[in-house]
Amino acid sequence: MFSKNKHRFLLLFAAVFAIISIISGVFVGAVNVTVPDILNIIAGKIFHLQLYQGEKSTEMIIWEIRFLRVLLAFFVGASLSLAGAAFQG
């Protein structure tokens, strides 16, 4: 039904949309943190670099609360979608 290029485009679109959704979910919270600070914290933790030079409490809020909350929501949603697809046959 779909060509290989269409499948690749849809897979790439879904992956980019998922990454954008995860990153944008980290921005929502009671504590205001700038976009560069959030990106520096996430990139620094993933690649083991010291990119963020601000307060440790802000780093803890982003990495240990917001990022984990968004990742958990992403994986729960993915699990529910797979369960629904399996249930439908």
Which value, rounded to the nearest 0.5 Å, describes the distance between [X] atom [atom1] and [Y] atom [atom2]?
| X | Y | atom1 | atom2 | answer |
| --- | --- | --- | --- | --- |
| F74 | S79 | CZ | OG | 9.5 Å |
| K4 | L11 | NZ | CG | 14.0 Å |
| I41 | F67 | CD1 | CZ | 11.5 Å |
| R8 | S3 | CZ | OG | 9.5 Å |
| F75 | L80 | CZ | CG | 13.5 Å |

Answer yes if [X] and [Y] sit in the same cluster of Ile, Leu, Val, Met, Phe, Trp and Tyr residues linked by side chain heavy atoms under 4.5 Å apart, and no otherwise.
| X | Y | answer |
| --- | --- | --- |
| F27 | V33 | yes |
| I23 | F47 | yes |
| L72 | I62 | no |

If you compare all heavy atoms of V70 against all heavy atoms of V26, which two are closest, and at what distance to 0.1 Å? CG2-N, 3.9 Å
In short, R66 meets I38 closest at the heavy-atom pair NH1-CD1, 4.4 Å
Applying the side chain to side chain contact (heavy atoms under 4.5 Å, CB included) criterion to Y52, which one of I42, L39, T58 satisfies it? T58
Does the side chain of I22 come within less than 4.5 Å of L71's, by heavy atoms? yes
The side chain to side chain donor-acceptor pair (under 3.5 Å) partners of S21 (sequence neighbours excluded) come to none
Go through W63 and I46 one step at a time and tell me if the side-chain contact (heavy atoms from CB on, under 4.5 Å) criterion holds. CA-CA 10 Å; W63 187 250; I46 290 174; 4.2 Å; yes
Report, as yes or no, whether the 6.0 Å neighbourhood of atom CZ on F9 holds more than 12 heavy atoms from other residues, nucleotides or ligands. no
Enumerate the salt bridge (Lys or Arg N to Asp or Glu O under 4.0 Å) contacts for residues 31-53, please, sequence neighbours excluded, ordered by first and then second residue. K45-E59
